[in-house]
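Each chain gets a letter, A, B and so on, in the order the sequences are listed, and its residues count up from 1. On a predicted model such as this, the values are computed, not experimentally measured, just so you know.
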Amino acid sequence: MSTEESIRDIRLGKLARMRELGYDPYRVEKWKLTDSADALLEQFEDGREVSFAGRIVSYRDMGKAGFAHMSDGDGKIQGYFRKDELGDDLYEVYKLLDLGDHIGIEGKLFVTKTGEQSIHVSSFHPLSKALHPLPLGKEKDGHVFYGLQDVETKLRHRHLDLMSSKEGRAKLLNRARIVSAVRAYFDGQGYLEVETPVLQMEAGGAAARPFMTHLNAYDVEVKLRISLELYLKRIICGDVPKVYEVGRVFRNEGVSYKHNPDFTLLEFYEAYANLEDMMDHVENCFKYVALAVFGGTKVDLPHQDGYVTVDFAEPWARIDMLDEISKHTGVPREQLLDLKTAVEALGDGVRVNAVTGKKVIPSDERNLGGLLEKLLEVYVEPTLILPSFIVGYPLETSPLAKKDPNDPRFTRRFEGYVLGSEVCNSFSEINDPIDQRERFEFQVGEAEAGDEEAHPMDEEFLYALECGMPPTGGCGIGLDRMAMLLTGSNTIRECLMFPFMRPEKDQKEDEN
RNA sequence: GGGUCUGUAGCUCAGCGGUAGAGCAGUGGCCUUUUAAGCCAUUGGUCGAGGGUUCGAAUCCCUCCGGACCCA
């Protein structure tokens, strides 16, 4: 028998004894909470009668008296238990408590001899029994000893991380608050939150490989959505002028420090608005979220070995894509306007960004758009530390964006960057159904040429456009990325309660 | 896919060729204002898996299986 199993047996024995004494933890449904632990300490009033409940995170037994700290998750408060006041039975129950149990207590606020504001417990009841030892570290002056270190354990058993790590907990809760603040921003702007299908016959709106599944009722193959875009624009076509959706999307691609197979996307669309209006929304939304979640527009973000202070009250830089590529590669703007001249100017073989080590092989690219996006990634993105909009994406890689009337090889599209990472993608939406059909046809050609991420044809969407869509601005923000950025996280996993994990070995064997 | 680490008790880690260790947690005892409580005693391990080298392997070598970080 393993140690943990024997501990479980011992604790089951303690549970049985609690029941014999008339204190079954699981029989209680409710406990009055006068206030949170932090609030009780902040508004401390000696002698005040209070009721509180929480998980035992420290426990000291001294024979006929004892101290224990109860945590409500965010804060903790100490209780003082005396045998002569609780009586023999209830004090025996106190002796049967373990670190990790939940209890509810009643008593009076008081200050101990050593000056800690505590609760002098007059009565208590166990509310749950922890049958497993929990990784509750000891703590002294804010320094935690013996916490949970193993990253895999934190991810696979997130409840242990949430209860034991202040930092991990703060990131995950702030992520939830960020999403909530995003909704509040758009609600406040008169947008309507809508929901669109996750199961789709064609997964469009982005360049990605979808997950496939099967719908039994109609015996058809269906796909999980990779974006929210096309359905939201069909709602715009129905004359609902401001809509947004916060939705889970699924991309069957690599898993990395910034990619999870399913993630949370915000998309918002506004009729009679263009991409400059979308820029305003992005700036205002980040500012609103920073204020709501962090209490100020200035946020310190970890960058390289130090921190960069970003003030989201400041407007974002607006930078022309082609100019910026020209600046960082030394290739004149005119030569970047054509695939042939661009490849000639860049030369044969591999081009390496000396600063970052990132590489591009210009002659591998099939079209100008692909080359320009690659050059952007290798040479420009790492330099976009302060919030910036890159404007003017090439036609081939932007199948849903309006052509730039001044140069139809480019589109009215921008992406936003902070700390070198993309945070949003936006454009003035195509509302010309003929143009849109041509773009889809080009994409179908790309798919036939072997591009697995090319956009599929979508007749129902085209029908909606043919019925008339007003000029519309649209934008997507990856909320996991946004949360990573604002919480200073190095990996997307820190911002997801339950990131996708490789199945554990015995789990795989069970399935076979 | 490439590189650098890494897997030892429930947790945090040490041991790096010679009888498997510590602290915490657990268990038993003492203690009615402790707080990383203290004191005494004590339980607990296929050292990730398999193979090899060796008189002898947690330790060295190989192959797997996990994990972390950096790079594509």
What's the NZ-P distance between A:Lys76 and B:U34, to the nearest Å? 17 Å
Let's test this: given Watson-Crick or G-U wobble pairing with both distances under 3.5 Å, identify the partner of B:G7. B:C65
Going by modelled atom types, is there a donor-acceptor pair between the base of B:U34 and the side chain of A:Glu116 at under 3.5 Å? no
Report the nucleotide, chosen from B:U34, B:G10, B:A36, that has the shortest atom-to-atom distance to any side-chain atom of A:Pro133. B:G10
Cation over ring, A:Arg413 on A:Tyr393, under 6.0 Å and within 45°? yes
Pairwise side-chain contact, A:Leu479 with A:Ile178, heavy-atom cut-off 4.5 Å (strictly under): no
Check whether any side-chain heavy atom of A:Val418 sits under 4.5 Å from a side-chain heavy atom of A:Trp316, and report yes or no. yes
Nearest heavy atom decides the nucleotide; on that basis, is A:Leu155 or A:Lys113 closer to the 5' end of RNA chain B? A:Lys113
Any A:Lys138 side-chain N or O less than 4.0 Å from OP1/OP2 of B:G23: no
What does the B/S/- profile of nucleotides 27-32 of chain B look like, 5' to 3', with a 4.0 Å heavy-atom cutoff to protein? S---BB
Is the base of B:U12 stacked against the aromatic ring of A:Tyr146, taking ring centres under 5.5 Å apart and planes under 30° as the test? no
The ring pair (Phe, Tyr, Trp, His ring centres under 6.0 Å) partners of A:Tyr59 (sequence neighbours excluded) come to A:Tyr94
Hunt down the Watson-Crick or G-U wobble partner of B:C47, both distances under 3.5 Å, from any strand shown, or write none. none
Would you tell me whether A:His69 and A:Glu116 have side-chain atoms, one donor and one acceptor, within less than 3.5 Å of each other? yes
Result block: side-chain N/O donor-acceptor pairs under 3.5 angstrom for residues 73-82 of chain A, not counting sequence neighbours:
from: A:Asp74; atom 1: OD1; to: A:Arg169; atom 2: NE; distance (Å): 3.3
from: A:Asp74; atom 1: OD1; to: A:Arg169; atom 2: NH2; distance (Å): 3.3
from: A:Gln78; atom 1: OE1; to: A:Arg60; atom 2: NH2; distance (Å): 2.8
from: A:Gln78; atom 1: NE2; to: A:Ser118; atom 2: OG; distance (Å): 3.0
from: A:Tyr80; atom 1: OH; to: A:Arg82; atom 2: NH1; distance (Å): 3.2
from: A:Arg82; atom 1: NE; to: A:Asp84; atom 2: OD1; distance (Å): 3.2
from: A:Arg82; atom 1: NH2; to: A:Asp84; atom 2: OD2; distance (Å): 3.0

Are there more than 12 heavy atoms of other residues, nucleotides or ligands under 6.0 Å from atom CZ of A:Phe44? yes
Which part of the nucleic acid, if any, lies within contact of A:Gly137, taking any heavy atom under 4.0 Å across all strands shown: a base, the sugar-phosphate backbone alone, or nothing? nothing
Please assess A:Arg17 against A:Glu92 for the test salt bridge (Lys or Arg N to Asp or Glu O under 4.0 Å), listing each intermediate value before the final yes or no. CA-CA 9 Å; A:Arg17 179 62 185 150; A:Glu92 186 179 345; 2.7 Å; yes
Set out, line by line, the N/O atom pairs under 3.5 Å between protein and nucleotides 70-72 of chain B.
from: B:A72; atom 1: OP1; to: A:Gly357; atom 2: O; distance (Å): 3.1
from: B:A72; atom 1: OP1; to: A:Lys358; atom 2: N; distance (Å): 3.4

When rounded to whole Å, the CG to C1' distance for the pair A:Asp161 and B:U12 reads 16 Å
Between A:Asp150 (CG) and B:C69 (P), how many Å, whole number? 11 Å
In the strands shown, is B:G1 matched to any nucleotide by a Watson-Crick or G-U wobble pair with both distances under 3.5 Å, and which? B:C71
I need the A:Leu372 CG to A:Leu395 CG distance, nearest 0.5 Å. 11.5 Å
N or O in side chain of A:Arg60 less than 4.0 angstrom from B:A37 OP1/OP2: yes
Could you run through nucleotides 2-7 of chain B and give me one letter per nucleotide, 5' to 3': B if any protein heavy atom sits under 4.0 Å from the base, S if only the sugar-phosphate is that close, - if neither? ------
Both distances under 3.5 Å, Watson-Crick or G-U wobble: report the partner of B:U27, or none. B:A41
Residue matched to B:U34 through Watson-Crick or wobble contacts both under 3.5 angstrom: none
Those residues of residues 102-112 of chain A lying under 4.0 Å from RNA chain B by at least one heavy atom: A:Phe110, A:Thr112
When you match A:His120 and A:Phe145 each to their closest nucleotide on RNA chain B, which lands nearer the 5' end? A:His120
